Amino acid sequence: MTKRQLALAVAIAAIGTNAVWMSGVSAAEKQDIHGGGTDAVDTYELDPVDVEGERVQETSNTTLPGGFLESKPSVGLLGNQDVMDAPFTVSSMSQKAIQTFSSPSDGVNGTLTLNPSVRVMTSHLYQDIAVRGFRLSGHALYVNGIPGLLAQYNIPYYWVDSVSVISGPNIGVSGTIVNEAVGGTVNFTSKKAEREALEARLSYLGGKSVEEAVDVGNRFGRDKRWGVRVTATNVAGETAVKHERLLRQNIFVNLDQHTTHSHTNLLLGYNHTKHNAGPMRIGFEFGSGKVTHLIPAPKLSRSYKPEWSYNEYDNFILALNHDQKLSEHLTAFLNAGYHLENWYGYVDGSPTVINNNGDFNIAMENYPLYFTRTYVGVGLRGDFKTGSVRHDYLVGVDRNWRRSGGAGNVFWRGTGNIYRDNTWDQPDLLHGTIPHNNKLTMTGWHVVDTMKAFDEKLQLTIGFHGHSVKVSNAGKSTVKSDAISPTVAVSWKFTPDVMAYAAHSESFNAGSTVGTSYKNKGETLDPAKTKQNEIGVKVKSGNFLHTLSLFQIRQANSIDVQKSDGVYLENNGERENKGAEWAFTGSIADRWDLVGGVSYSNFKQTKTKNGANDGKGVDGMPRWTGTMGIVYHPSEAWSVIGRMNYVGSGTINNGVIRVPSHVLFDLGAAYQTKIDKTPVTFRAMLYNIAGKDYWSMRDNSTSLALGAPRTFTFSANFEL
């Protein structure tokens, strides 16, 4: 309808009962009155007018001051909780944080390290992290609350809306997972359709690498019940590391529906990657006549692998979440997931430095592998009262199925030096088949009750979690184990802005599988239980949130053991981490947003074989880390971005070799404008602006990783 028709319709509605309507007279009478004298009232037959409109969806501010953290992060089985209610150290990085601080080398891990609990542990090929000093690979991450849907690879993240970190407890609040994350839980939440939108992005990622991306969303149906969000990216080119080439295509489709009684979300994702000469780690042969001290880090922009080495793989994931309201106080839920990881192309290996001059040996291995993971969890959430005490409870059961296979052999050996460019002729590349060699089933049950009293100032959570696991390795006997793990947490709100908490949790893993870099690769280490204690306080002060926590974690200790034929990974006693963290986020002025924190950890080995390593530190563990991101807004259009990341010194080779500390700085800017009425955001970042070469420590390992070189990136995002 035209603006004139709309104005006329509004005017008629406004006249209301003051208008003279002739609906009660006959056609003849109408004709008589029409023009029938000075006392007659003219009437007109108007064409039907349909007024269409769309209710503007109300949006609320779901982030804390500064906009980097969500105010109601996901706390696993306990659902979304206000950050001042959650009795754990929990943070959820917002879309603003992901857009601002993710990097081409570390991906979304560059954002996660704004949390002082998190540290990047490897490089561009395998984007592993550590939470409170304990390693997490992609296998240990969650997607929409479902475990096991990602791989240990260069993780795409354009489909991610937010990512939360629960530092400390894992199974106690997040459900059964095969690859346990001891130090905490990391959960990726997918983007959902909020409105009709179309965005396109073109990015330069450093070196000769570019990325194209598209993000489309729409809601439809009555009351906008249904939503679809499609994100797709294509990355191609040589990175800022010489000879490293990344080709990656992704498409993720998120479908959701919501009514007053149900919520459903279905995420489908596909990823194809071919990664040539991706850096991962550098090993050392320590000893007399070999490596006697840590030699200087080489240039980070130089490749230390043959340019013909590569990893090529496909990943398909499915994640389904459904909540059905049965009554005012009872909701049933279903979570299900499936992941197919087909790593059919694997021609790779890492250098081992053999002397103080930087000479190294390197071996290439053909080791294709695959995983299939299936997860199903069902249960009930509800609430009731006993007197003045409110109970929020959960009962549920879940199961994981995992099948995996992999085998390979070394087919090429070479030599080189880390302080010069190296080239190697390409041999005939082998492509082997993938035999099945491992089957695992893990079943769990969960009962959790959160009691709130004294106007919800007091909150007590008590939970019990049972787990049983069966592992069958081809040609070996089946191993079974089980355990019951408690979780207890209590908090007290002194005021709406001051809360203190204490928590104890225990969890049980299925026994970790030894990676391909060890001689006993594919072996499953014995299952073990982890015990964690934490106390902390959260304080809101003006536009700032502070979280201070003290923690203790005990877990089975796995160490690198040098034998005559290579390095083995073996369990030996326990490792204990006592530490403290201070995290902060907020706005320090109208134009300044700040996020970051400081962490201290003290790792010790206990109960080792014959007490040989009791009291010694743990390899690859810095005592101090610190991080800070800051954004200055000189105007509504401009943002200036700064980032600092500090990693303190540590040791490797069972405490003998010291690894020095390093501090990195990033600097950039963002500018919002319009091009022919199309909103556009330009972003430019310079990472590692000093071009510092440094060694990066890896959890509980004598090998080291190399960080990212100085890298310039630029992007343009169009809201079409």
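All values reported here derive from a predicted model rather than from experimental measurement.
- The closest side-chain heavy-atom distance from Lys192 to Arg229 is not below 4.5 Å.
- Between His272 and Tyr344, the angle of the ring planes stays under 30°, which puts this pair in the parallel group of the 30/60° scheme.
- Geometrically, Lys305 does not engage Tyr310 in a cation-pi contact, judged by NZ or CZ lying under 6.0 Å from the ring centre and within 45° of the ring axis.
- What you find for Asp666 and Asn688 is that their closest heavy atoms are OD1-N, 2.9 Å.
- A donor-acceptor pair under 3.5 Å links the side-chain atoms of Arg643 to the main chain of Gly110, judged by distance alone.
- Donor-acceptor pairing under 3.5 Å is lacking for the side chains of Ser167 and Arg132.
- Aromatic ring orientation, Phe714 versus Phe682: parallel (interplanar angle below 30°, classes split at 30° and 60°).
- The number of heavy atoms from other shown groups lying within 6.0 Å of CZ (Arg222) does not exceed 12.
- Using a 30° and 60° split on the angle between ring planes, Phe252 and Trp159 fall in the parallel class, below 30°.
- Minimum heavy-atom separation, Leu150 to Arg373: O-NH1, 4.2 Å.
- Other residues, nucleotides and ligands contribute at most 12 non-hydrogen atoms within 6.0 Å of the CD atom of Glu196.
- Side chains of Asn115 and Met93 form a contact here, defined as non-hydrogen atoms less than 4.5 Å apart.
- Of all non-hydrogen atoms in Glu307 and Ala277, the two that sit nearest each other are CA-CB, 4.1 Å.
- Note: His139 and Phe371 meet the aromatic proximity criterion, with ring centroids under 6.0 Å apart.
- At a threshold of 4.5 Å between non-hydrogen side-chain atoms, the residues Phe544 and Leu594 count as touching.
- Ring geometry, Tyr346 versus Trp343: the interplanar angle falls from 30° to 60°, so the pair is classed tilted.
- Minimum heavy-atom separation, Ala213 to Thr233: CB-CG2, 3.6 Å.
- Tyr313 is listed as a side-chain neighbour of Asn271, based on a closest heavy-atom distance under 4.5 Å.
- In this structure, the side chain of Gln95 engages the main chain of Val160 through a donor-acceptor pair within 3.5 Å.
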Next on the checklist: Would Arg219 and Asp256 count as a salt bridge (charged side-chain N to carboxylate O under 4.0 Å, His left out) here? Give the steps.
Outcome noted: CA-CA 9 Å; Arg219 299 208 68 85; Asp256 75 279; 3.0 Å; yes

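- Of all the heavy atoms in Gly597 and Pro116, the pair that sits closest is C-CB, 3.7 Å.
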Checklist entry - Can Lys242 and Arg302 be said to form a side chain to side chain contact (heavy atoms under 4.5 Å, CB included), step by step? => result CA-CA 5 Å; Lys242 187 177 181 180; Arg302 178 180 288 131; 5.8 Å; no

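- The two atoms that bring Gly337 and Ile146 nearest to each other are CA-CG2, 4.0 Å, heavy atoms only.
- Side-chain contact check for Ser701 versus Arg135: some heavy-atom pair is nearer than 4.5 Å.
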